[in-house]
Undergrad: 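Just dropping this structure here.
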Amino acid sequence: RAAGSLQTPGIERPYHLVVFGASGFTGQFVAQEVAREQVVLEQSSRLPWAVAGRSREKLQRVLERAALKLGRPTLPSEVGIIICDTTNPASLDEMAKQAAVVLNCVGPYRFYGEPVVKACIENGTSCIDICGEPQFLELMYWKYNEKAAEKGSYIIGSSGFDSIPADLGVIYTRNKMNGTLTAVESFLTIHSGPEGLCIHDGTWKSAVYGFGDQSHLKKLRNESNLKPVPIVGSKLKRRWPVSYCRELNSYSIPFLGADVSVVRRTQRYLLENLEQSPVQYAAYVTVGGITSVIKLMFAGLFLLFFVKFGIGRQLLIKFPWLFSFGYFSKQGPTQKQVDASSFTMTFFGQGYSQGVSPEKNKPNMRICTQVKGPEAGYVATPIAMVQAAMTLLKDISDLPKTGGVFTPGAAFSRTKLIDRLHQHGIEFSVISSSEV
């Protein structure tokens, strides 16, 4: 299918994919991933694509670095460059008009995301982001879902490490269960090498502003007046803020990313649109032994205290390395740190075998599944985002019938995205499944 025909057959668009913010820290890895994806394809099936951002020199440099990394010297001459800026809506329109799908890598999205969504919808362009900020994701749904449906734009948020592994992991677990899945708990474990971990401070900024502004999110949810999604089967018990997970032999704390917000929205969508039984969900992250727990509790209290005040937020933003105990820095991780890092997300599901009614009975089925992948922020995120885009371009008949603002699970539950991820090193597997 030709570019642009995702929405309006017959209108040719010069680029299938445009990576916006390609010279940003995460954006450069996304651009590399698109390039890698194109290099392995035969000449005839390569997609025309472009990078977009504020500075031609910086974008040029990103392409030169990618060319070097992939051993493809001709790359810079094969990729378009579009100059645009979130503060200039006309330039965003120009970009959107030229693309079938925009990969938006410009965060924090709460400050820079909305103009891009708006420009894409107005021009019938689809847009994928890697946002982990529930407030932005939910607000975009309330403001733009109907307009996007009208224009045939697919606006899909949180398509990076937040929250593709969690959202599709729950769907995968449901598909593999011989019966009705009613509840899932996920445990994320981040593995790091001898050099330790490090995350770029863009992510830190998004988190600081997000935690500083939780009252807005509560208000947004209250105003939406949604009926609660019905609970099927036994209610999932909430764990303590620090709890011990026997199966994984580790302490865990609640995962504070967007996963729970995203999975809940997906489950609502699947119930309301595909009449699928909703799954309860809770997300945790393993932290190891008791010393790590104590360290983390101090860091957490310290952060919560600072985040509440304007001056505290400014200090946190100015000195990420200091206040995150070295976990976040303005430089981001070294290549060595990235190469030695990986993640495992383990899902423990419960439910009911066929013929057993969830109303009166205790769950009698257990399933354990896993999603494993490379370093989360700068390897898995670009893979997830680019495969989401490829799915959007290729699995057209399996997408929701009209456009709209979707979670990854809502947009992709019937597509081949899980297979595509699997082929690119984000692997889904069943560990065990049993009747109890």
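This structure is a prediction, so every number in the text was calculated from the model and none was measured.
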Undergrad: Output every pair passing side chain to side chain donor-acceptor pair (under 3.5 Å) with a member in residues 56-67, not counting sequence neighbours, ordered by first then second residue.
TA: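 Applying side chain to side chain donor-acceptor pair (under 3.5 Å) to every pair that reaches into residues 56-67, excluding sequence neighbours, yields Gln28-Arg65.
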Undergrad: State the CD-NE2 distance between Glu375 and His191, to the nearest 0.5 angstrom.
TA: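 Glu375 CD to His191 NE2: 12.5 Å, rounded to 0.5 Å.
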Undergrad: Tell me, which pairs form a side chain to side chain donor-acceptor pair (under 3.5 Å) where one or both residues lie in residues 77-98, sequence neighbours left out?
TA: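 Residue pairs with at least one partner in residues 77-98: Arg72-Glu78, Thr74-Glu78, Asp85-Thr87, Asp93-Asn123.
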Undergrad: Go through the structure and list residues passing ring pair (Phe, Tyr, Trp, His ring centres under 6.0 Å) with Tyr172, not counting sequence neighbours.
TA: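 For Tyr172, the residues satisfying ring pair (Phe, Tyr, Trp, His ring centres under 6.0 Å) (neighbours in sequence not counted) are Phe428.
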Undergrad: Taking only residues two or more places apart in sequence or in another chain, which ones pass side-chain contact (heavy atoms from CB on, under 4.5 Å) with Ala35?
TA: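 With sequence neighbours excluded, Ala35 shows a side-chain contact (heavy atoms from CB on, under 4.5 Å) to Trp49, Leu70, Leu75, given in chain and number order.
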Undergrad: Indicate the atoms forming the closest heavy-atom contact of Leu92 with Pro115, along with that distance.
TA: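 Smallest heavy-atom distance, with atoms named: CD1-CB, 3.6 Å.
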Undergrad: May I have the list of side-chain donor-acceptor pairs in residues 259-267 shorter than 3.5 Å, sequence neighbours left out?
TA:
| from | atom 1 | to | atom 2 | distance (Å) |
| --- | --- | --- | --- | --- |
| Asp259 | OD1 | Ser163 | OG | 2.7 |
| Ser261 | OG | Glu138 | OE2 | 2.8 |
| Thr266 | OG1 | Asp167 | OD1 | 2.9 |
| Thr266 | OG1 | Asp167 | OD2 | 2.8 |
| Thr266 | OG1 | Val262 | O | 3.2 |
| Thr266 | OG1 | Thr407 | OG1 | 2.6 |
| Gln267 | OE1 | Val279 | N | 3.2 |

Undergrad: So which heavy atom on Ala50 is nearest to which on Val79, and how close?
TA: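 Result for this residue pair: CA-CG1, 3.8 Å.
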Undergrad: Any non-hydrogen side-chain atom of Gln350 less than 4.5 Å from a side-chain atom of Glu185?
TA: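 A side-chain contact under 4.5 Å is absent here.
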Undergrad: Quick one, Ile367 and Phe348 - any side-chain contact, counting heavy atoms below 4.5 Å?
TA: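 Of all side-chain heavy-atom pairs linking Phe348 with Ile367, none is under 4.5 Å.
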Undergrad: Can you name the ring pair (Phe, Tyr, Trp, His ring centres under 6.0 Å) partners of Tyr284, sequence neighbours left out?
TA: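 Tyr284: ring pair (Phe, Tyr, Trp, His ring centres under 6.0 Å) contacts with Phe187.
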Undergrad: Mind checking the OG-CG spacing from Ser158 to Leu137? Nearest 0.5 Å is all I need.
TA: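 Between atom OG of Ser158 and atom CG of Leu137 there are 5.0 Å.
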Undergrad: I need the Cys127 SG to Lys118 NZ distance, nearest 0.5 Å.
TA: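 One gets 14.5 Å once the value is rounded to the nearest 0.5 Å.
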Undergrad: With rounding to the nearest 0.5 Å, note down the distance linking CG in Leu417 to CG in Leu168.
TA: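 Leu417 atom CG to Leu168 atom CG measures 5.5 Å (nearest 0.5 Å).
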